[in-house]
Amino acid sequence: MSARKIIIDTDPGQDDAVAILLALASPELDVLGITAVAGNVPLPLTQKNALIVCELAGRTDIAVYAGCDAPMGRKLVTAEHVHGKTGLDGPQLPTPQMALHDGHAVDFIIETLRREDPGTVTLCPLGPLTNIATAFERAPDIVDRVQEIVLMGGAYFQVGNITPAAEFNIYVDPEAADIVFKSGIRLVVMPLDVTHKALTTAPRVEAFRAMGTEPGRMVAEWTDFFERFDKEKYGSAGAPLHDPCVIAYLLEPDLFTGRHVNVVIETGSELTLGMTVADWWRVTDRAPNAMFMGDLDADGFFALLTERIARL
Ligand code: BDR
Ligand code: CA
């Protein structure tokens, strides 16, 4: 079988970095390009971080594009309090030698979907949905050509992490999320409900360090840094590796379980802005538009992740 074609849209972020490494280590996936978006940190840093991660994986052949530097209709909210000043705080970071590709990420998404056969390209958003929704607004013809969108965002039982009601990726650009959730494209959503079960416990982090490779060391040091915030906040054994859930799903979908339900994005209320109103209990007759995950086999997830990172 030929490798599945994906575009990773991302705002690295330590967990984004691990997700990108997992994808680049996996021959089942053909990464057509990586598109950076403003999110965890401003765009100049997310685009630089994407280059750092590609170089770490030894994949200087990957096309990395800079995308939108601000949400569609709002001011950017960032998350340095979680990810540090660089977005990839923890280890000493190299200066990337690799250059960005010319052109805008949104144009790359549009051109790629128009060029490839319809239904053969999967979008993997790991940050705010600004690039993806902007592409759909600018080129509505590409919407029907997307195979599937597998994204990290939202929450139902966990409710919120950036506000009491909203998860970060959706909160930063709720108008973009609204466009994506109304697009009619097959959606698989990794909300906090599932990512909070993908916890970096001490033995799991040590398994990365024990690889004795540069990617293994960097992943361990990134998770060491990233953990401190969540351990303090939730009193948990480690930090949730949110974004790698998206890539793990593409590789081993049976690790995850969820429900096909209706999800609407709150864009009006100041109090609950960016809330993913998921009809988990099916109490409305609103048509399901998303496979909303709720659980995962955490040991299976880390076994996959460790085995793949060790290949780099
Ligand atoms: C999401 O927000 C970011 O901080 C992480 O990279 C992840 O994509 C979790 O809410
Ligand atoms: Ca992210």
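- Panel note: side chain Glu252, backbone Leu304; no donor-acceptor pair is recorded below 3.5 Å.
- When the side chains of ILVMFWY residues are joined at heavy-atom separations under 4.5 Å, either directly or via intervening members, Val146 and Phe108 end up in a single hydrophobic cluster.
- Remark: side-chain polar atoms of Asn49 are paired, donor with acceptor, to backbone N or O of Leu45 under 3.5 angstrom.
- A donor-acceptor contact shorter than 3.5 Å is absent between the side chain of Arg209 and the backbone of Arg217.
- Annotation for Lys233: atom NZ counts as buried by contact number, over 12 foreign heavy atoms lying within 6.0 Å.
- Under a 3.5 Å cut-off, the side chain of Thr46 and the backbone N or O of Val41 do not form any donor-acceptor pair.
- For Glu206, the CD atom counts as densely surrounded, since its 6.0 Å shell holds more than 12 non-hydrogen atoms of other residues, nucleotides or ligands.
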**OP:** Go through the steps to decide whether Ile309 and Met211 satisfy the test side chain to side chain contact (heavy atoms under 4.5 Å, CB included), and finish with yes or no.
**Re:** CA-CA 9 Å; Ile309 300 296; Met211 287 170 192; 3.9 Å; yes
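- Of all heavy-atom pairs spanning Ala36 and Gln47, the tightest one is CB-CA, 3.7 Å.
- Taking the ring centre of Phe226 as origin, the terminal cationic atom of Arg228 falls outside the region bounded by 6.0 Å and 45° from the ring axis.
- Under the 4.5 Å side-chain heavy-atom criterion for grouping Ile, Leu, Val, Met, Phe, Trp and Tyr, Leu187 is not connected to Leu126 through any hydrophobic cluster.
- Taking CG of Asp297 as the reference point, atom OG1 of Thr257 lies at 9.5 Å (rounded to 0.5 Å).
- A donor-acceptor pair is defined here as one N or O able to donate and one able to accept, closer than 3.5 Å; such a pair exists between the side chain of Trp222 and the backbone of Leu88.
- Checked by atom type and distance alone, the side chain of Asp89 pairs as donor or acceptor with a backbone atom of Lys85 at under 3.5 Å.
- Phe168 and Met190 fall into different hydrophobic clusters, defined by Ile, Leu, Val, Met, Phe, Trp and Tyr side-chain heavy atoms under 4.5 Å apart, directly or through other members.
- A salt bridge is absent between Glu116 and Arg145; no separation between the charged side-chain nitrogens and carboxylate oxygens falls under 4.0 Å.
- Atom CG of Asp141 is surrounded by more than 12 heavy atoms from other residues, nucleotides or ligands within 6.0 Å.
- Of all non-hydrogen atoms in Pro96 and Leu51, the two that sit nearest each other are CB-CB, 3.8 Å.
- By the 6.0 Å contact criterion, CZ on Arg186 is open, its count of non-hydrogen atoms from other residues, nucleotides or ligands being 12 or less.
- If you run side chain to side chain contact (heavy atoms under 4.5 Å, CB included) between Val188 and each of Thr122, Ile149, Val150, only Val150 comes through.
- Residues passing the side chain to side chain donor-acceptor pair (under 3.5 Å) test with Arg204, sequence neighbours excluded: Asp299.
- At a threshold of 4.5 Å between side-chain heavy atoms, the hydrophobic network of Ile, Leu, Val, Met, Phe, Trp and Tyr places Leu100 and Ile20 in one connected group.
- With Thr272 contributing its side chain and Ser269 its backbone, the two residues share no donor-acceptor pair below 3.5 Å.
- Other residues sharing the hydrophobic cluster of Leu271, ordered by chain and number and joined by side-chain separations under 4.5 Å: none, the residue standing alone.
- Expressed to the nearest 0.5 Å, how far CG of Asp144 lies from CD1 of Ile185 amounts to 8.0 Å.
- Asn131 contributes a side-chain N or O that, together with a main-chain N or O of Cys68, makes up a donor-acceptor pair within less than 3.5 Å.
- The stretch residues 27-47 participates, sequence neighbours left out, in these salt bridge (Lys or Arg N to Asp or Glu O under 4.0 Å) pairs: Glu28-Arg308.
- The distance from atom OH of Tyr249 to atom CG of Leu255, rounded to the nearest 0.5 Å, is 11.0 Å.
- Separation of atoms SG (Cys124) and CG (Leu29) is listed at 7.5 Å; rounding is to 0.5 Å.
- For the side chain to side chain donor-acceptor pair (under 3.5 Å) test, no residue two or more places apart in sequence or in another chain qualifies with Thr276.
- Side-chain contact check for Met72 versus Ile179: some heavy-atom pair is nearer than 4.5 Å.
- If you check the side chains of Asp173 and Thr130, you find a donor sitting under 3.5 Å from an acceptor.
- Listed by chain and residue number, nothing satisfies the side chain to side chain donor-acceptor pair (under 3.5 Å) test with Thr223 (two or more places apart in sequence, or in another chain).
- Looking only at atom types and distance, the side chain of Thr200 has a donor-acceptor partner in the side chain of Glu227 under 3.5 Å away.
- Within the model, atoms CG of Asp243 and CG of Asn40 stand 7.5 Å from one another, a figure rounded to the nearest 0.5 Å.
- Pairing each heavy atom of Val18 with each of Leu305, the nearest pair is CG1-CD1, 3.9 Å.
- For Phe301, there are no ring pair (Phe, Tyr, Trp, His ring centres under 6.0 Å) partners two or more places apart in sequence or in a different chain.
- Using a 3.5 Å distance cut-off with no hydrogens or angles, the side chains of Thr284 and Asp279 do pair a donor with an acceptor.
- No continuous path of hydrophobic side-chain contacts links Phe181 to Tyr171 [ILVMFWY only; heavy atoms under 4.5 Å].
- Among all heavy-atom pairs drawn from Ala50 and Ile34, the shortest one is CB-CG2, 4.2 Å.
- Looking at Glu266, its side chain never comes within 3.5 Å of a backbone N or O of Met275 through a donor-acceptor pair.
- Using a 4.5 Å heavy-atom threshold, the side chains of His81 and Ile162 count as touching.
- Counting only distance, with no hydrogens or angles, the side chain of Asp193 and the backbone of Tyr156 share a donor-acceptor pair below 3.5 Å.
- Using a cutoff of 4.0 Å between basic side-chain nitrogens and carboxylate oxygens, Glu111 and Arg115 are not scored as salt-bridged.
- Checking Thr35 against Asp9 by side-chain atom types alone, a donor-acceptor pair falls below 3.5 Å.
- By the neighbour-count criterion of 12 heavy atoms within 6.0 Å, atom CG of Asp61 is densely surrounded, having more than that number from other residues, nucleotides or ligands.
- Taken to the nearest 0.5 Å, the NE2 atom of His101 stands 14.5 Å off from the CG atom of Asp107.
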**OP:** Evaluate ring-ring contact (aromatic ring centres under 6.0 Å, His included) for His83 paired with Phe229, printing each intermediate quantity in order.
**Re:** CA-CA 9 Å; His83 301 275; Phe229 176 80; 8.6 Å; no
